[in-house]
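Only one structure is covered here, and it is reproduced in the block below.
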Amino acid sequence: PQNLTYLDDNRDDEKIKMNYYEQAIILDPYIDFFYFDVLSSMKEFKLGIEAIKEFNKPYLIGIHISEGTKLPSGETITDVINSINTDKILGVMLSCVSPENYLLNINELQKTGFPFGFKINGFKTTLSNYAEKYSGSQGNPNKILGIRNDLSNKKIFEFTKKTKDMGATILGGCCEIKPSQIRVISKIRNWFISYLISLKLFKKTRPAKKTIIHRAYILSVMLKLSATKPIIAGANNSDEKPIVVKFVTVVGILSVYCV
């Protein structure tokens, strides 16, 4: 988000759009696609997509829902999809959400018709009034949102396996998900990549009246894991080293187009 996390951005449209553009023009030479991460309103997605139009690159959208089935703006996943330009969309994600909230919204994600998935977090909650309390937390969201201690590696694996079986092809972790849990998620991802390779990444069938083309977008992720526990944002602890993630091109997204 360009302004406050877990809250819809009510600033002037042109200011929001310019913020996206200023970042996009810097990123453009080094990336294969844009990712709108943890946005909380239909307006933000529309303005962000307009801002990157001249770069002619695809994009993932990462919708945030704190609780229930509506964004902090009061809109739904379907509202967002129906309002934005989807010409170059790679997929739809729920970003920085709890595993339980993802499952609550999975049916609506399935109905979008686009590849879908998640970046789950390890917070106890993502409060709608998070921004109001942030200034008194010394920059550490954990003091406000809390950290779950029930998300074992086994639970993360079971959740990822279940959601993959329900159609998720974009699998990931967000705040407070540990490196060991990312490795667990990657086991499912590696299986999926093997599946795509078995399809030879491109397959055509020819029904009577139309052609269905299956295209696999592969995302290669290089990880340098130098931490044994998640980074605490803003804490700058000496015993917690950064995790370096380099996105090379797209992983595990299977799109279906009818022409």
Side-chain angles (χ1 to χ4, degrees), residues 1 4-8 35 37-40 60 62-72 77 92-109 116-189 221 223 225-245 252:
L4 299 174
T5 307
Y6 312 136
L7 287 178
D8 52 317
Y35 173 36
D37 187 31
V38 199
L39 302 193
S40 297
L60 283 170
I63 298 171
H64 177 74
I65 297 179
S66 294
E67 296 179 348
T69 58
K70 292 185 178 180
L71 286 70
I77 295 170
V92 183
M93 304 171 66
L94 285 191
S95 294
C96 206
V97 299
S98 68
E100 293 81 7
N101 186 263
Y102 176 77
L103 291 172
L104 184 64
N105 287 279
I106 195 169
N107 288 340
E108 193 167 2
L109 285 170
F116 62 91
F118 57 83
K119 284 199 335 179
I120 54 171
N121 66 36
F123 287 138
K124 289 182 178 179
T125 183
T126 51
L127 299 170
S128 59
N129 62 344
Y130 164 68
E132 298 172 10
K133 297 184 177 181
Y134 181 81
S135 60
S137 69
Q138 298 179 337
N140 188 352
N142 299 345
K143 293 183 178 181
I144 304 170
L145 306 177
I147 303 173
R148 294 177 62 164
N149 55 21
D150 62 325
L151 290 179
S152 65
N153 287 6
K154 180 181 179 182
K155 283 189 176 181
I156 293 291
F157 181 86
E158 291 171 348
F159 167 80
T160 305
K161 176 67 165 59
K162 177 179 179 178
T163 53
K164 189 274 297 179
D165 290 343
M166 296 174 73
T169 55
I170 311 171
L171 316 173
C174 201
C175 302
E176 294 308 317
I177 296 300
K178 302 177 179 67
S180 62
Q181 294 170 325
I182 294 296
R183 291 190 185 99
V184 166
I185 293 172
S186 73
K187 291 180 181 179
I188 304 296
R189 187 211 69 175
V221 180
L223 297 178
L225 301 176
S226 55
T228 57
K229 51 187 176 180
I231 298 170
I232 299 176
N236 197 26
N237 290 345
S238 60
D239 63 334
E240 296 186 351
K241 304 298 189 298
I243 302 172
V244 180
V245 183

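Quantities reported herein were computed from a predicted structural model and do not represent experimental measurements.
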Output for pair (Leu71 CG, Ile77 CD1), nearest 0.5 Å, gives 7.5 Å
Between the CG atom in Asn101 and the OG1 atom in Thr126, the distance rounded to the nearest 0.5 Å is 7.5 Å
Given the options Leu171, Leu151, Ile185, Leu103, Phe159 meets side chain to side chain contact (heavy atoms under 4.5 Å, CB included) only with Leu103
Separation between CZ (Arg183) and CD1 (Ile156), nearest 0.5 Å, reads 14.0 Å
| query | Within a strict 4.5 Å, meaning less than it, do heavy atoms of the Ile120 and Thr160 side chains meet? | reply | no
Rounded to the nearest 0.5 Å, the CD1 atom of Ile177 sits from the NZ atom of Lys119 at a distance of 11.0 Å
Nearest heavy-atom approach of Ile65 to Lys70 is CG2-O, 3.3 Å
To the nearest 0.5 Å, atom SG of Cys96 lies from atom CG of Leu39 at 12.0 Å
*asked:* When you measure from the side chain of Gln181 to the backbone of Lys178, do you find a donor-acceptor pair of N or O atoms at a distance under 3.5 Å?
replied: yes
Output for pair (Asp37 CG, Ile63 CD1), nearest 0.5 Å, gives 12.0 Å
Taking every heavy atom of Val184 against every heavy atom of Asn153, the minimum-distance pair comes out as CG1-O, 3.7 Å
The side chain to side chain contact (heavy atoms under 4.5 Å, CB included) partner of Phe116 among Ile106, Ile170, Thr169 is Ile106
For the pair His64 and Tyr6, name the ring-plane relationship: parallel under 30°, tilted 30 to 60°, perpendicular over 60°.
tilted
task: Could you tell me whether the side chain of Ser98 reaches within less than 4.5 Å of the side chain of Arg148, counting heavy atoms only?
output: yes
Between Leu60 and Met93, the two heavy atoms sitting closest are CD1-SD, 4.2 Å
task: Look at atom CG of Asp165 and say whether more than 12 heavy atoms of other residues, nucleotides or ligands are closer to it than 6.0 Å.
output: yes
Shortest non-hydrogen pair, Val97 vs Tyr102, comes out as CG2-CB, 4.2 Å
When every non-hydrogen atom of Gly62 is compared with those of Ser95, the smallest separation belongs to CA-OG, 3.1 Å
